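One structure is given here, and the rest of the page talks about it.
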Amino acid sequence: MPSFDINGTSGQEFTVGVLDGAVREQAGAELRSHGLVRLTRLGGRDDVLLAAGQLMSSLWRHRDADPDGLTVIRDTGRHAGRAGFAGLGRGALALHTECAQHPDPPRLLLLACARAGDTGGESLLVDAQTVLAELAAHHPAAIDALAADRAAYFGGSSGHFAPVLQQLPASRWRLRLRQDDLARFSPDADAHLPALRQAIDRNTQRLCLTPGQGIVLDNHRLLHGRTAFSGERLILRALGEAHSALALGPGFPAPWSMPNPTAPQTEAEPAGTPGELRPRAAQMTVDTRYCRPTVSW
């Protein structure tokens, strides 16, 4: 069964400024294999933009982004307790994929540490490939429920119905998840959330980013979150589509051999309203008893 190795099989770090040609192809291989690329020697905002430009074909203009496309993730002092703004406080951030409420979320997420907090603020990462493998082995009915077209509704009045685990052609999958008040699940999917939560808990890894370090995640494969922190932690975030040279392909490969589906699941919004879905009773959080040891570079 494949497992997520935070360091990658090669343990390779990529330096900003040389992420082109053969080096960019190597970064693509890391993303295809592990869903993650490690960056180092990020000197500041310009370096983060340069790295994003070398790995992404275009930047997303997120709601909270600055004019250059980067979002400053920090405690603003005014967003605590607001649905959809948890990242702009200092509390724990539940594991999620970025922009789950959009019909087609961005493929890549870049997180760069500009300033570490005094305590806490560890990044939490989970590879959906290991979660899918665990569900297949122990809770196969959960996959069926979570792969339904109407498994979840993400967002507010202009949100989106979508599977949590979407089956794609060629035995590939795509993950979409958020765990806050802007996520509602169908009765069938809701019944299997405990199994999903346990699989996520058991496969959660911690990562300490220090200033100048960054990671690029496959947003269709990896969940990310963070622990609560104190101090003036500051992260720069970029979202975008993958550069063609990375050759990612759709989703991630299934952790088993299975027949190809005849057609991909569609994500068109069916008739209905979010009120037809059951709200989550409580926010799912990471059980740190099952977290693997913290990794630092």
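All values derive from a computational prediction rather than experimental measurement.
The cluster map of Ile, Leu, Val, Met, Phe, Trp and Tyr, joined by side-chain heavy atoms under 4.5 Å apart, puts I73 and L125 in the same cluster. Note on L239: it clusters hydrophobically with L36, by side-chain heavy-atom contacts below 4.5 Å among ILVMFWY residues. Hydrophobic clustering (ILVMFWY, side-chain heavy atoms < 4.5 Å, transitive): F229 and L111 are in distinct clusters.
Shortest non-hydrogen contact noted between L135 and A199 is CD2-CB, 4.3 Å. Listed here is the closest heavy atom pair of A242 and L248: CB-CD1, 3.7 Å. For V164 against A151, the heavy-atom pair with the smallest separation is N-CB, 4.2 Å. Contact between A147 and P163 at its shortest, heavy atoms only, is O-CB, 3.7 Å. Here the closest non-hydrogen pair linking G156 and L182 is N-CD2, 4.3 Å. The minimum heavy-atom distance between L165 and W173, with the atom names listed, is O-CZ3, 3.9 Å.
Dense packing is recorded around CZ of R61, with more than 12 heavy atoms of other residues, nucleotides or ligands lying under 6.0 Å away.
Under the 3.5 Å distance criterion, the side-chain polar atoms of R221 are left unmatched by any main-chain donor or acceptor of P253. E241 contributes no side-chain N or O that, together with a main-chain N or O of S58, makes up a donor-acceptor pair within less than 3.5 Å. With hydrogens and angles ignored, the 3.5 Å screen pairs no side-chain donor or acceptor of R233 with any backbone N or O of A228. A donor-acceptor pair under 3.5 Å links the side-chain atoms of R226 to the main chain of G91, judged by distance alone. The closest donor-acceptor contact from the side chain of D188 to the backbone of A145 lies at 3.5 Å or more, if one exists at all. A donor-acceptor pair under 3.5 Å is absent between the side-chain atoms of H34 and the main chain of D127, judged by distance alone. Side chain of D68 to backbone of L70: a donor-acceptor contact under 3.5 angstrom is found. Without hydrogens or angle criteria, T97 side chain to L177 main chain gives a donor-acceptor distance under 3.5 Å. A side-chain donor-acceptor contact under 3.5 Å links S186 to the backbone of A189. Remark: side-chain polar atoms of R115 are not paired, donor with acceptor, to backbone N or O of L234 under 3.5 angstrom.
Here the side chains of R107 and D218 are in contact, with some heavy-atom distance below 4.5 Å. Within the 4.5 Å cutoff, the side chain of H192 has no heavy atoms near those of the H139 side chain. A heavy-atom distance below 4.5 Å is found between the side chains of L49 and L59. Considering only heavy atoms from C-beta on, L108 comes within 4.5 Å of L31 through its side chain. Counting heavy atoms from C-beta outward, L39 and L110 have side chains that approach closer than 4.5 Å. Side-chain atoms of W60 and H102, non-hydrogen and from C-beta on, do get closer than 4.5 Å to each other.
At a cut-off of 3.5 Å, with distance as the only test, a side-chain donor of Q26 or Q12 sits close to an acceptor on the other residue. Judged purely by distance below 3.5 Å, without hydrogens or angles, the side chains of Q54 and R24 never pair a donor atom with an acceptor atom. One side chain, H224 or E98, offers a donor N or O that lies under 3.5 Å from an acceptor on the other.
In this structure, R184 fails the cation-pi test against Y153, since its NZ or CZ atom is not both closer than 6.0 Å to the six-membered ring centre and inside 45 degrees of the ring normal.
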List the steps, then state whether side-chain contact (heavy atoms from CB on, under 4.5 Å) holds for V126 with L222. CA-CA 6 Å; V126 180; L222 264 67; over 6 Å; no
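If you take CD on Q213 and CZ on R38, they are separated by 7.5 Å, rounding to the nearest 0.5 Å.
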